[in-house]
2 protein chains.
Amino acid sequence: MNKTSFLFIIFFTLNFFAVVAEGASETSKPQSETEVVASLRDKALNSHLAFDILESLTTEVGARMAGTPQDALAVKWGVEKLKSLGFDKVWTEPVTFDTWIRKEEYAAIVSPYQHEIKITALGFSVPTPEQGIEAEVVHFKSIEDLSQSPKDSAKGKIVFISRKMERFRDGKGYGPAVKARSNGAVEAAKKGAVAVVIRSIGTDSHRLPHTGMMRYKEGVNKVPAAAMSNPDADLLTRIFARKKTVKMKLQINSHAGPKYTSQNVIGEMTGSEFTNEKVVIGGHLDSWDLGTGAVDDGAGVAITMAAAKIIGDSKQRPKRTIRVVLWANEEQGLVGAKAYAKRHKDDLENHITGAESDFGAGKIYAFASRVAEDNLAVVKKMAKLMKPLGIEYVDNEAGPGPDLIPMYELGMSVFSLRQDGTDYFDLHHTADDTLDKVKPENLAQNVAAYVVFAYLAANSEQKISR
Amino acid sequence: MNKTSFLFIIFFTLNFFAVVAEGASETSKPQSETEVVASLRDKALNSHLAFDILESLTTEVGARMAGTPQDALAVKWGVEKLKSLGFDKVWTEPVTFDTWIRKEEYAAIVSPYQHEIKITALGFSVPTPEQGIEAEVVHFKSIEDLSQSPKDSAKGKIVFISRKMERFRDGKGYGPAVKARSNGAVEAAKKGAVAVVIRSIGTDSHRLPHTGMMRYKEGVNKVPAAAMSNPDADLLTRIFARKKTVKMKLQINSHAGPKYTSQNVIGEMTGSEFTNEKVVIGGHLDSWDLGTGAVDDGAGVAITMAAAKIIGDSKQRPKRTIRVVLWANEEQGLVGAKAYAKRHKDDLENHITGAESDFGAGKIYAFASRVAEDNLAVVKKMAKLMKPLGIEYVDNEAGPGPDLIPMYELGMSVFSLRQDGTDYFDLHHTADDTLDKVKPENLAQNVAAYVVFAYLAANSEQKISR
Ligand SMILES: [Zn+2]
Ligand SMILES: [Zn+2]
């Protein structure tokens with residue numbers, strides 16, 4: 001059976017049950033928890049709400065890098081959107097951080113052939129001198145090769161790291177590849193380099209480089225760091241195959257900026273019984289500056305806002321509160337998440353569990369839990385109600401989404417709703433992260449899964465813990 | 001049967017025949033024309049030569065817009081490559097034209113929301129004033145809507161034309177869409193506009209705008225013209241759906257340059273009998289400046305050079321000469337083609353027929369002829385030998401490739417070898433036109449088809465004419 005007809009059958013079946021369930025509610029016989037959740041799930045599946053929220057965010061705000069004027073606009077948008085959706089409580093909590101300002105960036109291969117190449121500075125890169133750097137390029141196939149090379153192996157040169165990221169559904173190619181981005185500048189500087197330019201950490205073949213954070217290390221020279229698009233990296237690799245001396249010109253004017261205070265934006269749909277206890281869902285509100293942050297992480301923002309809204313609209317609210325957190329400045333170091341954990345650490349016991357949506361807009365195909373053994377009954381309920389969505393339960397070994405790491409480290413229980421990330425790293429941190437890449441039906445499936453998870457977690461007989 | 005296994009069977013079958021044919025030649029029994037051509041075709045199918053030529057052009061020259069320093073490099077590359085491939089004669093013929101110089105280009109939506117948008121100036125656009133233009137944007141769904149709108153409908157405004165190009169295998173979506181690019185500036189200026197920015201003439205969804213030629217008209221105000229990427233056009237369309245006043249900032253510093261003389265680069269594999277009569281194949285050597293011109297038209301250059309080389313290496317050369325022309329400056333108005341026709345018009349009768357490869361790097365699925373009725377026997381032979389390549393004969397109504405238009409108009413017979421252009425307009429005239437988009441096996445199939453066509457045309461008993 002192909003994907004489309006499979007989906008069609010699911011939709012048909014679920015619509016049918018939804019009609020039955022609604023018919024039942026009209027007789028005003030009280031519905032079972034399963035009936036309520038199945039009905040909300042199917043409502044979510046047929047809802048365009050998440051896509052509409054995402055359309056609004058990407059159209060009316062767009063790129064919203066932490067510390068830019070668009071960061072403030074995004075906060076304003078978040079507050080207004082939560083209010084207009086009828087959240088019971090909406091507020092913000094300050095998050096302060098250092099900023100980085102992107103300016104002009106330019107690179108070209110100047111010898112043995114001339115090619116302008118598409119680069120983007122990595123987050124927090126220092127600038128080059130104003131007139132740029134022109135230097136010989138030295139090629140390493142991986143950051144490991146660079147680290148293991150002799151001292152002075154890159155002396156006075158620009159380091160090029162050509163390692164290619166591999167494509168996987170679960171994104172497991174990212175971890176091994178991203179080290180070149182995070183640590184490339186430090187490792188290059190240790191070998192005497194004047195700059196580092198890596199192959200983009202991404203799986204596409206477009207002339208759109210992938211940005212993202214890099215870091216410096218105290219005591220090691222700070223050199224400019226950039227990523228080139230994958231076709232440009234292919235080109236440079238082909239030139240190196242000719243065994244010629246390669247020279248590059250690199251000009252980056254980006255630089256550190258002043259401190260800035262943004263906000264975590266928080267909305268709640270109050271529970272019917274234990275109002276102080278909450279299930280935390282959300283996505284991060286900031287994005288990188290190159291695209292409009294549709295898949296990273298407008299999708300997560302939209303999915304979780306829509307799920308809470310659908311639960312909030314239910315006549316039978318769950319016992320506990322659904323809290324949506326639109327995290328500030330995830331991209332430049334989980335800054336909003338850390339501020340949140342610091343502020344709420346004494347309220348940890350009331351954060352019964354949570355999940356972050358931050359892996360794009362693909363369908364969810366699996367979920368995992370990290371809860372105390374005696375909470376597994378509710379996980380089983382979730383599994384049963386997620387199965388018609390094509391979602392399989394994995395195990396009780398879930399890790400947290402990025403913005404739940406600080407709370408998880410304090411002891412909070414977490415869930416992981418795993419999206420198909422096959423295409424995610426085609427778009428991640430590029431100018432191509434735009435709304436046209438998002439399928440409304442995939443977003444709706446995500447919302448349905450979050451509805452099942454959040455409702456059942458919030459309505460659990462037993463308070464969930466780890 | 002899927003495409004891959006179909007291809008596999010073709011390759012297997014042809015390899016088998018190739019082995020048989022080679023075995024036969026070892027007995028030094030003279031081969032029939034059909035045996036020779038089948039054997040060369042299968043050699044071409046298994047050859048990496050075209051891809052190697054294309055790799056060389058895109059790596060060692062790269063972008064080569066007419067009139068730039070890279071134009072001269074490309075000419076030098078062409079001469080050297082033809083010589084190194086062992087062409088019997090290699091020469092160049094001058095082609096003089098006006099140039100256009102691309103400089104900085106920038107656009108942003110400034111109201112009601114702020115978005116930087118990705119634009120590229122269209123070829124021969126005039127610049128904006130140095131500080132740019134900031135003006136209200138007026139939206140037209142097509143150039144026809146613009147033309148039919150009241151006089152002054154765009155007075156003082158920037159015209160946005162949002163028509164979307166449709167995707168077809170034969171590229172028939174291009175014609176209706178490209179009018180906005182060619183004539184948008186004239187039609188906009190007629191309605192009082194200060195600039196025109198169109199949705200890119202392309203079928204992709206990437207943040208990479210498509211450039212291409214535009215023209216002005218005497219007596220009509222010359223306004224700057226640019227194309228925005230398709231995701232940006234989607235965004236702007238969504239903003240217009242909100243019924244708000246939209247303002248845009250546009251800054252284009254590109255401008256006309258001095259006259260320049262480039263060269264048509266020509267190489268010949270001399271025929272065995274009627275050396276003065278020739279079959280003309282080729283592609284255009286220039287490209288736009290944004291990408292490295294891999295599919296437009298490095299592929300055509302590589303395919304036809306490789307086909308001539310394989311025929312030239314044959315122990316049984318065809319009766320007539322194979323002439324490869326690497327046309328100068330196709331993109332900015334078929335300038336090389338016109339110069340060639342002017343120069344060679346008195347030798348028209350010796351140009352027995354020809355074909356240009358200028359539609360990317362997809363497989364050929366069909367071919368058509370435009371020859372005198374009494375030449376159809378040789379066309380039938382071609383059809384028979386192309387069939388195993390998955391190529392069907394269409395009819396005797398072929399039109400010329402762009403650079404053969406001037407010779408065709410003088411009366412030359414032509415062939416059209418039709419490539420699958422489904423993805424061609426994803427890349428056409430963008431930064432994304434790079435080598436990674438080209439499949440070596442597709443290029444090889446093209447070479448095989450050109451070998452069949454060129455050999456049989458050149459070896460025809462009867463001289464082909466129209
Ligand atoms: Zn993210
Ligand atoms: Zn072309």
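Labels below follow one simple rule: chain letters A, B, ... track the order of the sequence lines, proteins then strands, and each chain is numbered from 1. Not measured: the values here are computed from a predicted model.
Contacts of A:Asp234 with chain B are made by side-chain atoms alone, with heavy-atom separations under 4.5 Å and no backbone atom involved. In this structure, the portion of A:His115 lying under 4.5 Å from any heavy atom of chain B is its side chain and not its backbone. Only the backbone of A:Leu290 has a heavy atom closer than 4.5 Å to any heavy atom of chain B. In this structure, the portions of A:Thr59 lying under 4.5 Å from any heavy atom of chain B include both its backbone and its side chain. The parts of A:Ile239 that come within reach of chain B are both its backbone and its side chain, each placing non-hydrogen atoms under 4.5 angstrom from that chain. Interface remark: A:Glu116 contributes no atoms to any contact with chain B (heavy atom separation under 4.5 Å). Using a 4.5 Å cut-off between heavy atoms, B:Ser229 makes no contact with chain A at all. Only the side chain of B:Thr434 comes within less than 4.5 Å of a heavy atom in chain A; its backbone stays farther off.
Of the listed residues A:Asp232, A:Leu427, A:Asp436, the one with more heavy-atom pairs under 4.5 angstrom with chain B than any other is A:Asp436. Per-residue heavy-atom pair counts under 4.5 Å with chain B were compared for A:Arg238, A:Gln70, A:Glu55, and the maximum is reached by A:Arg238.
The OG1 atom of B:Thr58 sits 7.5 Å away from atom CG of A:Leu235, with the distance rounded to the nearest 0.5 Å. Between the CG atom in A:Leu208 and the CG atom in B:Asp432 there is a gap of 6.5 Å [rounded to 0.5 Å].
For A:Glu130, the CD atom counts as loosely surrounded, since its 6.0 Å shell holds 12 or fewer non-hydrogen atoms of other residues, nucleotides or ligands.
In this structure, B:Ala431 and A:Lys118 approach most closely via the heavy-atom pair CB-CE, 3.8 Å. When all heavy atoms of B:Pro231 and A:Lys437 are compared, the pair lying nearest together is CG-NZ, 4.0 Å.
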What verdict does the side chain to side chain contact (heavy atoms under 4.5 Å, CB included) test give for A:His206 and B:Asp204, after you've listed the backbone C-alpha separation in whole Å, the side-chain angles of each residue and the deciding distance to 0.1 Å? CA-CA 11 Å; A:His206 299 295; B:Asp204 62 297; over 6 Å; no

